[in-house]
**Student:** 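My questions will all concern the structure given below.
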Amino acid sequence: MATIAVIGTLDTKGREHQFVADCISQSGHQAYLIDIGTGGDPQVIPYMSREAVVSMGGLSPDVLRKDREQAGAAMGEAAARVLLKLIEQRKIHGVISLGGGSGTATATAAMRALPLGFPKVMVSTLAGGDTSNLVGTKDIVMIPSIVDIAGLNRISRPILASAAGAICGMIGSASIPPAQSDRPLILASLFSGTSQAVLHAKTLLEKSGFEVVVFHANSSGSITMDSILESGVAAGLLDMTATDWADEVVAGTPGSGPKRLEAAARSGTPSVIVPGGADMARIDPRQPVPDRFRSRNLHPHSPQVTLLRTNVEENAEIGRRIAEKVNLSTAPVSVLLPLHGLSQIAGPGTPFHDADADRALLQSLRGSLNPRIHVTEFEGGINDPIFAESCAHALLSNIRDKAARGA
């Protein structure tokens, strides 16, 4: 029998949290009800009071007397510390919460502090929209509440019961021992336009004894990849996708921010850098196309993404920014440049083929790099198997080079 923490603002949503706790108990697990409310008295009796959360979290009781926003932020911090202690003591095996705007912010702040793989479920009125700021780089399962969490009714009951079933099912899956691997770790970036090359290189690296973890090169995927790089656990980085740099420069879909590529440099991770996918920025087709893009080369990618072909000026800036970050590297790093297409739809005869724009990016990147950075040009497109093999071999060489330096 596992124990699941049910955390929430029990002053306003106590009965709903109690309902979820009862569903968990009926499933054969134990529910540990924790109050993280900051308003009136709780509607139900918790196993751990808000005062106990604040005390165990190392904060002053005065935080409960602050305004709602400040108290909620402090409670999220305290709850994170409490949950981590309970996990360390093996007293809880998962966490679930229900909330509106404030409750979701407080509960997910606590969940973001928890380890990857630890079951986390958030039922929220915000789950139908952009929750990237709530989830961050963690594996929080967001379930739309559909209706406000303001009573138990014919709509809310089955949704809350399903959420309880979800966390119980996750507990069962979490009990399966994870595959153990002592293979060194390589991180890689991928987008649809670079997938053939990345997956081919991945196969070669795995045959060489590495475990390769691939991240989608969008805002959340790149941010997560960078957070793992900063921890220093990666033996190498195969960064063959720079679409989020196009997003950053062209100001289409928000990218992963101006610090992209800095994590590898700060962590001293041997790397291979390719400006794959820098020929396209993403815009949302569900919104009107901005006037400045109406005359541009647009390509439908999915119902959620339309691709915008970057031009000469934008590509020159993208190349300069990539070089600026690569120049920060202290570990061995190689830049490989495919001269005839940076993505699947940008080679000769494809919708995004623009030799002048590609040339502007490659010349800017090459010209802005520190002379110590090794650059290799390839007479082909990014998804040519030989190019992928060249990237894999270059990364293996850089990893060996760093190991030799440290020896």
**Student:** Kindly state each residue pair satisfying salt bridge (charged side-chain N to carboxylate O under 4.0 Å, His left out) with at least one member in residues 330-341, sequence neighbours excluded.
**Tutor:**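 Counting only pairs at least two positions apart or across chains, no salt bridge (charged side-chain N to carboxylate O under 4.0 Å, His left out) contact touches residues 330-341.
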**Student:** How far apart are the C-alpha atoms of E262 and K259, what are their side-chain angles, what is the distance that settles it, and do they pass the salt bridge (charged side-chain N to carboxylate O under 4.0 Å, His left out) test?
**Tutor:** CA-CA 6 Å; E262 289 185 12; K259 294 187 177 181; 5.3 Å; no
**Student:** I'd like to check L83 versus F118 (side-chain heavy atoms, cut-off strictly below 4.5 Å). Are they in contact?
**Tutor:**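 No, too far: nothing below the 4.5 Å cut-off.
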**Student:** Determine the sole option in D247, D239, T243, D244 for which the side-chain hydrogen bond (donor to acceptor under 3.5 Å, both in side chains) test with S222 is passed.
**Tutor:**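 Of all the options given, the one that passes is D244.
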**Student:** Out of the candidates L362, V326, L369, only one should pair with V375 under the side chain to side chain contact (heavy atoms under 4.5 Å, CB included) rule; please name it.
**Tutor:**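 The residue from L362, V326, L369 that satisfies side chain to side chain contact (heavy atoms under 4.5 Å, CB included) with V375 turns out to be L369.
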**Student:** Under 3.5 Å, is there a donor-acceptor pair between the side chain of S368 and the main chain of L365?
**Tutor:**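 No: the side chain of S368 does not pair with the backbone of L365.
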**Student:** Per the salt bridge (charged side-chain N to carboxylate O under 4.0 Å, His left out) rule, what does the pair list look like for residues 345-370, sequence neighbours excluded?
**Tutor:**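 The answer is R309-D358, D356-R359, R366-E377.
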**Student:** Within a 6.0 Å radius of atom CG on L328, are there more than 12 heavy atoms belonging to other residues, nucleotides or ligands?
**Tutor:**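 Yes, enclosed.
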**Student:** With Q304, which residues qualify under side-chain hydrogen bond (donor to acceptor under 3.5 Å, both in side chains), at least two apart?
**Tutor:**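 Testing Q304 for side-chain hydrogen bond (donor to acceptor under 3.5 Å, both in side chains), a comparison that skips the adjacent residues, returns none.
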**Student:** One pair to check against side chain to side chain donor-acceptor pair (under 3.5 Å): N398 and S334. What are the steps and the verdict?
**Tutor:** CA-CA 8 Å; N398 288 343; S334 300; 3.1 Å; yes
**Student:** Do the side chain of K120 and the main chain of P115 share a donor and acceptor less than 3.5 angstrom apart?
**Tutor:**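 At least one qualifying donor-acceptor pair exists.
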**Student:** State whether the number of non-hydrogen atoms from other residues, nucleotides or ligands found under 6.0 Å of R294 atom CZ is greater than 12.
**Tutor:**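 Yes, enclosed.
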**Student:** For a quick test of reading the model, state the closest non-hydrogen atom pair linking A201 to L238 and the distance between them.
**Tutor:**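 That closest heavy-atom pairing would be CB-CD2, 3.7 Å.
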**Student:** With under 30° as parallel and over 60° as perpendicular, where do the rings of H216 and F191 fit, or are they tilted in between?
**Tutor:**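 Ring orientation of H216 relative to F191: perpendicular.
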**Student:** Looking at R405 and D401, does any basic side-chain N land under 4.0 Å from a carboxylate oxygen?
**Tutor:**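 Yes, this pair counts.
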**Student:** Are the side chain of D11 and the backbone N or O of P42 linked by a donor-acceptor pair below 3.5 Å?
**Tutor:**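 Pair absent, no side-chain N/O of D11 close to backbone of P42.
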**Student:** Are there over 12 heavy-atom neighbours, none belonging to Y47, within less than 6.0 Å of that residue's OH?
**Tutor:**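 Counting other residues, nucleotides and ligands, OH of Y47 stays at 12 neighbours or fewer.
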**Student:** Do N315 and T310 have side-chain atoms, one donor and one acceptor, less than 3.5 Å apart?
**Tutor:**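 Yes - a donor-acceptor pair under 3.5 Å links their side chains.
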**Student:** My understanding is that only residues two or more places apart in sequence, or in another chain, count here; which of them pass side chain to side chain contact (heavy atoms under 4.5 Å, CB included) with P371?
**Tutor:**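 Expected list: none.
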**Student:** Run the numbers on R260 and E248 for salt bridge (charged side-chain N to carboxylate O under 4.0 Å, His left out), then give the verdict.
**Tutor:** CA-CA 10 Å; R260 176 80 165 87; E248 179 73 20; over 6 Å; no
**Student:** For E206, does the CD atom have more than 12 heavy-atom neighbours from other residues, nucleotides or ligands under 6.0 Å away?
**Tutor:**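 Buried by this count: over 12 neighbours within 6.0 Å.
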**Student:** Among residues at least two apart in sequence or on other chains, which ones pass side-chain hydrogen bond (donor to acceptor under 3.5 Å, both in side chains) with T104?
**Tutor:**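 Once residues adjacent in sequence are excluded, the partners of T104 under the side-chain hydrogen bond (donor to acceptor under 3.5 Å, both in side chains) criterion are S124.
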**Student:** Please indicate whether K85 has more than 12 foreign heavy atoms, meaning atoms of other residues, nucleotides or ligands, lying under 6.0 Å from its NZ.
**Tutor:**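 Yes.
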**Student:** Any heavy-atom pair between the side chains of M48 and L33 that's under 4.5 Å?
**Tutor:**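 With C-beta onward as the side chain, the pair stays apart.
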**Student:** Not counting sequence neighbours, which residues clear salt bridge (Lys or Arg N to Asp or Glu O under 4.0 Å) with D226? List them please.
**Tutor:**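 None.
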**Student:** Under the side chain to side chain donor-acceptor pair (under 3.5 Å) rule, what do D22 and Q26 come out as? Steps first, then yes or no, please.
**Tutor:** CA-CA 6 Å; D22 292 342; Q26 291 166 14; 5.8 Å; no
**Student:** By salt bridge (Lys or Arg N to Asp or Glu O under 4.0 Å), which residues pair with R372, not counting sequence neighbours?
**Tutor:**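 Checked R372 against salt bridge (Lys or Arg N to Asp or Glu O under 4.0 Å); zero matches.
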**Student:** Who are the side chain to side chain contact (heavy atoms under 4.5 Å, CB included) partners of T376, not counting sequence neighbours?
**Tutor:**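 T376: side chain to side chain contact (heavy atoms under 4.5 Å, CB included) contacts with L336, H374.
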**Student:** State which residue, out of N383, L190, V212, T194, fulfils the side chain to side chain contact (heavy atoms under 4.5 Å, CB included) condition with L199.
**Tutor:**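 Testing each of N383, L190, V212, T194 against L199, the sole residue satisfying side chain to side chain contact (heavy atoms under 4.5 Å, CB included) is L190.
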**Student:** Tell me, do R296 and N311 make a side-chain contact under 4.5 Å, heavy atoms counted?
**Tutor:**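 Yes, close enough: below the 4.5 Å cut-off.
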**Student:** Under 4.0 Å between a Lys/Arg side-chain N and an Asp/Glu carboxylate O for E16 and K13?
**Tutor:**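 Not counted as a salt bridge, because no side-chain N and carboxylate O are separated by less than 4.0 Å.
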**Student:** Should we say atom CG of L185 is surrounded by more than 12 heavy atoms from elsewhere, each under 6.0 Å from it?
**Tutor:**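 Check passes, neighbour count above 12.
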**Student:** Is a side-chain donor or acceptor of K138 paired with a backbone partner of L114 at a separation under 3.5 angstrom?
**Tutor:**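 A pair under 3.5 Å: yes.
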**Student:** Got a sec, which residues hit side-chain hydrogen bond (donor to acceptor under 3.5 Å, both in side chains) with H29, two or more places apart in sequence or on another chain?
**Tutor:**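 Counting only residues at least two positions away or on another chain, H29 forms no side-chain hydrogen bond (donor to acceptor under 3.5 Å, both in side chains).
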**Student:** Using a strict 4.0 Å threshold on nitrogen-to-oxygen distance, state whether K202 and E211 make a salt bridge.
**Tutor:**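 Looking at K202 and E211, the cut-off is not met.
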**Student:** Work out which heavy atom in A107 is nearest to a heavy atom in M122; give both atom names and the distance.
**Tutor:**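 Between these two residues, the closest heavy atoms are CB-SD, 3.7 Å.
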**Student:** Taking side chain to side chain contact (heavy atoms under 4.5 Å, CB included) as the criterion, tell me which of I143, V123, V121, V141 meets it with I167.
**Tutor:**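 Among the candidates, only V121 passes.
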**Student:** Checking R286 now: which residues fulfil salt bridge (Lys or Arg N to Asp or Glu O under 4.0 Å) with it, not counting sequence neighbours?
**Tutor:**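 Testing R286 for salt bridge (Lys or Arg N to Asp or Glu O under 4.0 Å), a comparison that skips the adjacent residues, returns D284.
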**Student:** Minimum heavy-atom separation for S208 and L396, please, with both atom names.
**Tutor:**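 That would be OG-CD1, 3.5 Å.
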**Student:** Has the side chain of D279 got a donor or acceptor atom that lies under 3.5 Å from a matching backbone atom of A346?
**Tutor:**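 Not at all, since once roles are kept as given, no pair shorter than 3.5 Å links the two residues.
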**Student:** Do T224 and S227 meet the criterion of a side-chain donor-acceptor pair at a distance under 3.5 Å?
**Tutor:**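 No, no side-chain donor-acceptor pair sits under 3.5 Å.
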**Student:** What salt bridge (charged side-chain N to carboxylate O under 4.0 Å, His left out) pairs are there with at least one residue in residues 331-340, not counting sequence neighbours?
**Tutor:**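 Sorted result for residues 331-340: empty, none.
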**Student:** Indicate yes or no for a side-chain donor-acceptor contact from S195 to the backbone of S192 under 3.5 Å, with no hydrogens or angles considered.
**Tutor:**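 Checked: pair present.
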**Student:** Identify the two heavy atoms, one from I382 and one from F387, that lie closest to each other, and give their separation to 0.1 Å.
**Tutor:**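 Closest approach of I382 to F387, heavy atoms only: O-CD2, 3.2 Å.
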**Student:** Just wondering, do V95 and I4 contact through their side chains at under 4.5 Å, heavy atoms?
**Tutor:**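 A side-chain contact is absent here, since even the closest heavy-atom pair is not under 4.5 Å.
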**Student:** Listed by chain and number, what are the salt bridge (Lys or Arg N to Asp or Glu O under 4.0 Å) partners of E77, not counting sequence neighbours?
**Tutor:**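 E77 satisfies salt bridge (Lys or Arg N to Asp or Glu O under 4.0 Å) with R81 only.
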**Student:** Return the minimal non-hydrogen interatomic distance between I7 and H17, and the atom names on each side.
**Tutor:**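 Between these two residues, the closest heavy atoms are O-NE2, 3.1 Å.
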**Student:** Any side-chain to backbone donor/acceptor pair from S364 onto A360? Under 3.5 Å, distance only.
**Tutor:**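 No, S364 side chain to A360 backbone: no donor-acceptor pair under 3.5 Å.
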**Student:** Looking at every non-hydrogen atom in both residues, tell me the closest pair between I34 and L86 and how far apart they are.
**Tutor:**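 Nearest pair, atom of I34 first, then L86: CD1-CD1, 4.2 Å.
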**Student:** Please check: side-chain N/O of T106 versus main-chain N/O of S102, any donor-acceptor pairing under 3.5 Å?
**Tutor:**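 Between the backbone of S102 and the side chain of T106 there is a qualifying donor-acceptor contact (under 3.5 Å).
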**Student:** Between the main-chain N or O of G380 and the side-chain N or O of D384, is there a donor-acceptor pair closer than 3.5 Å?
**Tutor:**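 The answer is no, because no donor-acceptor pair under 3.5 Å joins these two groups.
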**Student:** Taking atom types as modelled and ignoring hydrogens, do the side chains of T125 and S145 form a donor-acceptor contact shorter than 3.5 angstrom?
**Tutor:**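 No.
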**Student:** So, does T241 use its side chain to make a donor-acceptor pair with the main chain of S189 at under 3.5 Å?
**Tutor:**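 Present.
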